[in-house]
Structures are given as structure tokens and as C-alpha cells.
Engineer: 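One structure is given below, represented as C-alpha cells, and several questions about it will come after.
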Amino acid sequence: MGAELLQGIHVAPSILSADYARLGEQVREVTDAGARVIHVDVMDGHFVPPLTIGPPAVSALREQVSAVGGMLEVHLMVERPERHVADFARAGADLIIVHAEATPNVHYALHSVRESGAAAGLAICPATPVSAVSESVGDTALFLCMTVDPGWGGQPFIASSLDKIARLRDTIGAGPALEVDGGIETETAGPCAAAGATRFVAGSAIFAAPEPAEAYRAIVEAVGAA
Ligand code: DX5
Ligand code: ZN
């Protein structure tokens, strides 16, 4: 993975809303349209109620995404994420995002991610204060602000997130990527960018659209990405 994929503005299609029966094809539609960050949502039925997918889905997409110079980011909505880091890194995750609420050992979890060779990201839920990330600034490549409650695609964007994004940006400084996830579409992406977000996860806005490539490009345009 090129380091530039952790910098700059990126729209990251989330495969949560893709058709899993033709996952490779759906990912190709968005990479052909220019997407280079593919977002993989992992849910364990404990941290969040639903169950989704595990390392085999990452392995299955690895080659296809690498071939276009892209990266796979894995959003772990699982309890004690540190227990799963090695498996996802082995499967080919380039960036692994853990939740601050999912372990008493956030520092250890982030350290484990870096030890695995992947870049480390730290996510917070809507009700978690910005201060939860303050001790992790410095060695964390990306911070993720959930703009809906984690667990389901297709929920409406939480409007108060805009103020939170701005406060998060103040806390983490200019260096790290600041990602938003949940309810991101053409209307909400622009205000998030104005508040300081640099990375925009979109699931249903892309894969529930009739033309995912077109929907991807519309969000790119809304945030002014290349
Ligand atoms: C939800 C996941 C998101 C999800 C977003 O818990 O973390 O990545 O795919 O879905 P939309 O874009 O439909 O809100
Ligand atoms: Zn996600």
C-alpha cells in the first residue's frame, strides 16, 4: 500500500451494502471509477448486534485491490479487537481500525496493529467524547468519527456530528486522517469535509444506488477529492 493512501481526501466505499454474491464485481465497479480505499465492516454480534464477515473476505479481495494500487481498511466493530488483529493483518488488511469502547486496552490494541505491519486507526461512537482519543494522538494514522451508531448501513447522519468532527480535528491536529462513517452521501459529505474530515465512508449511498460508480463519483465531487 502506498503511504499516500493514508493522506489526502478519499471516499471509501463500504462493502457492507454490496451484493456479497458478486463482491469482486462490485468492488471492481468502484475501483474502475477511481476508488482506492475499500472499507470492510467486521461485526461480532456482541459489540454491535449484527454479525458480518471475517478475514476470509479480506483475503478474497486482497489481490484485486492491490492490483489497482488500492488498500483495504478493516473497521473492527468487535469486542477485544486486539485478539483479531493478527488474523486480519495476515489476511491482507492495510489499515485496521479498533473502537475505543471495545477494549480496556486501547494502547495495546493500537500497538498490536502496528506490530502486525498494518497502519492503526481508532474509532469512536456517537456518544463517546472526543477526549477518548487524546492519549492516542501521535502514533495513530487515522481517527474515525462514527456519524451513526455502529452496526447497520442506511441510517441517517447524526447532525451534531459536524461540531464533533471539528472538535476531533482540533484534538488530533492536522496530521492524521479523519474519517467519517455513517449516513455519508452527497448532501452530508461536503459539510463533513468543511468541518475537517478527510476520508468518507459510504455504504448504501454507493452500493444501494443503481450505478455504484456514478454514486461514488458524485460523493468524490461533493468533497472535492481528485
Ligand atoms: C456501520 C458501518 C458503516 C456502514 C455505513 O456500522 O460502520 O461502514 O457501511 O453505511 P451507510 O453508508 O449506509 O450509512
Ligand atoms: Zn464502517
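From a predicted model like this one, the values you see are computed outputs, not experimental measurements. Both ligands and their constituent atoms are indexed starting at 1 by order of listing.
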Engineer: Is a side-chain donor or acceptor of Q64 paired with a backbone partner of G24 at a separation under 3.5 angstrom?
Structural biologist: yes

Engineer: Would you say the side-chain atoms of S134 pair up with the backbone N or O of S131, donor to acceptor, closer than 3.5 Å?
Structural biologist: yes

Engineer: Are D94 and R62 close enough for a salt bridge, meaning some N to O gap below 4.0 Å?
Structural biologist: yes

Engineer: For the aromatic rings, using the six-membered ring if either is Trp, is the centroid distance between H10 and F200 under 6.0 Å?
Structural biologist: no

Engineer: Is a side-chain donor or acceptor of T140 paired with a backbone partner of V137 at a separation under 3.5 angstrom?
Structural biologist: no

Engineer: Start with the C-alpha gap between M77 and D44, add the side-chain angles, then the distance that decides, and say whether side chain to side chain contact (heavy atoms under 4.5 Å, CB included) holds.
Structural biologist: CA-CA 7 Å; M77 286 163 276; D44 66 350; over 6 Å; no

Engineer: Short of 2.8 Å from the Zn ion (ligand 2), name each protein N/O/S atom, waters not counted.
Structural biologist: H39 NE2, D41 OD1, H75 ND1, D181 OD2

Engineer: N or O contacts of ligand 1 with protein under 3.5 Å, please list pair by pair.
Structural biologist:
{"unit_1": "ligand 1", "atom_1": "6 (O)", "unit_2": "G151", "atom_2": "N", "d": "2.7"}
{"unit_1": "ligand 1", "atom_1": "7 (O)", "unit_2": "D41", "atom_2": "OD1", "d": "3.0"}
{"unit_1": "ligand 1", "atom_1": "7 (O)", "unit_2": "H75", "atom_2": "ND1", "d": "3.2"}
{"unit_1": "ligand 1", "atom_1": "7 (O)", "unit_2": "D181", "atom_2": "OD2", "d": "2.9"}
{"unit_1": "ligand 1", "atom_1": "8 (O)", "unit_2": "H39", "atom_2": "NE2", "d": "3.4"}
{"unit_1": "ligand 1", "atom_1": "8 (O)", "unit_2": "D41", "atom_2": "OD1", "d": "3.1"}
{"unit_1": "ligand 1", "atom_1": "8 (O)", "unit_2": "D41", "atom_2": "OD2", "d": "2.8"}
{"unit_1": "ligand 1", "atom_1": "8 (O)", "unit_2": "D181", "atom_2": "OD1", "d": "2.7"}
{"unit_1": "ligand 1", "atom_1": "8 (O)", "unit_2": "D181", "atom_2": "OD2", "d": "3.0"}
{"unit_1": "ligand 1", "atom_1": "9 (O)", "unit_2": "S14", "atom_2": "OG", "d": "2.8"}
{"unit_1": "ligand 1", "atom_1": "9 (O)", "unit_2": "D41", "atom_2": "OD2", "d": "3.2"}
{"unit_1": "ligand 1", "atom_1": "12 (O)", "unit_2": "G203", "atom_2": "N", "d": "2.8"}
{"unit_1": "ligand 1", "atom_1": "13 (O)", "unit_2": "G154", "atom_2": "N", "d": "2.7"}
{"unit_1": "ligand 1", "atom_1": "13 (O)", "unit_2": "S204", "atom_2": "N", "d": "3.0"}
{"unit_1": "ligand 1", "atom_1": "13 (O)", "unit_2": "S204", "atom_2": "OG", "d": "2.5"}
{"unit_1": "ligand 1", "atom_1": "14 (O)", "unit_2": "G183", "atom_2": "N", "d": "2.8"}

Engineer: Which pair of non-hydrogen atoms, one from M43 and one from L16, has the smallest distance, and what is that distance?
Structural biologist: CE-CD2, 3.7 Å

Engineer: Going by an N to O cut-off under 4.0 Å, is there a salt bridge joining E29 and R22?
Structural biologist: yes

Engineer: Among H84, R90, R83, exactly one meets side-chain hydrogen bond (donor to acceptor under 3.5 Å, both in side chains) together with D87. Which residue is that?
Structural biologist: R90

